[in-house]
Amino acid sequence: MMDHGQQKIIETIKKNSDMVYRLAFSQMKNKADADDVYQEVFLRFVNKKPSFCNENHEKAWFIRVTLNCAKTNLKSFWRTKTAELDENLEDISVEKEDLSFALKKLSKKYNAVLYLFYFEDMPVSEIAKVFDLSESNVRMLLTRARRKLKEILEKEQYR
């Protein structure tokens, strides 16, 4: 059984769901990123449990939070670091599932270095400390990992 507070949260989510998703999609331009923004907005709503003066205040809150989440997503480490991949890799069109599959095919050391650099936004100097390597060795591993990832993706593309 849900209490009144939980019921109110569900009703608020249902009422604002379509608007938030449309706004997220218009900002992000793709379904996957829009889904991420959408989830983040409602996670913030559930965690903060803001109180609203009226429906306009509620709507304004959801719009502002959606725009802020989209802006944060667009400035995220993944988007800012993608420029460092080999230029030829940008020409390869793959779905996220293909990329996950390709990452799984990499050796553990290549996968870990790419993960720390791109997903954890860790600088080369910190990665070097983690693996007890020189910074030049980490840069070499990143270069080799990108090259290997590119080979895997190209190979999969032609299958």
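- Ile9 contributes atom CD1, which lies 7.0 Å from atom CD of Gln6 (distance to the nearest 0.5 angstrom).
- With rounding to the nearest 0.5 Å, the separation of CE in Met28 from OG1 in Thr66 is 11.5 Å.
- For Phe25, there are no ring-ring contact (aromatic ring centres under 6.0 Å, His included) partners two or more places apart in sequence or in a different chain.
- Hydrophobic clustering (side-chain heavy atoms under 4.5 Å, transitive across Ile, Leu, Val, Met, Phe, Trp, Tyr) groups Val37 together with Met19.
- Cluster membership check: Val46 shares its hydrophobic cluster with Tyr21, using side-chain heavy-atom separations under 4.5 Å among Ile, Leu, Val, Met, Phe, Trp and Tyr.
- Side-chain heavy atoms closer than 4.5 Å link hydrophobic residues (I, L, V, M, F, W, Y) into clusters, and following such links, possibly through other members, connects Ile13 to Phe52.
- Put simply, the side chain of Glu154 never gets that close to the backbone of Glu151: no donor and acceptor are under 3.5 Å apart.
- Note that the CG atom of Asn137 and the CD atom of Glu135 stand 10.5 Å from one another [nearest 0.5 Å].
- For CZ of Arg144, the number of neighbouring non-hydrogen atoms (other residues, nucleotides, ligands) closer than 6.0 Å is 12 at most.
- The stretch residues 44-62 participates, sequence neighbours left out, in these salt bridge (charged side-chain N to carboxylate O under 4.0 Å, His left out) pairs: Lys15-Glu58, Glu40-Arg44.
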* Apply side-chain contact (heavy atoms from CB on, under 4.5 Å) to the pair Asn16 and Val41, showing each step before the final yes or no. => CA-CA 11 Å; Asn16 293 286; Val41 168; over 6 Å; no
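- For the side chain to side chain donor-acceptor pair (under 3.5 Å) test, no residue two or more places apart in sequence or in another chain qualifies with Tyr110.
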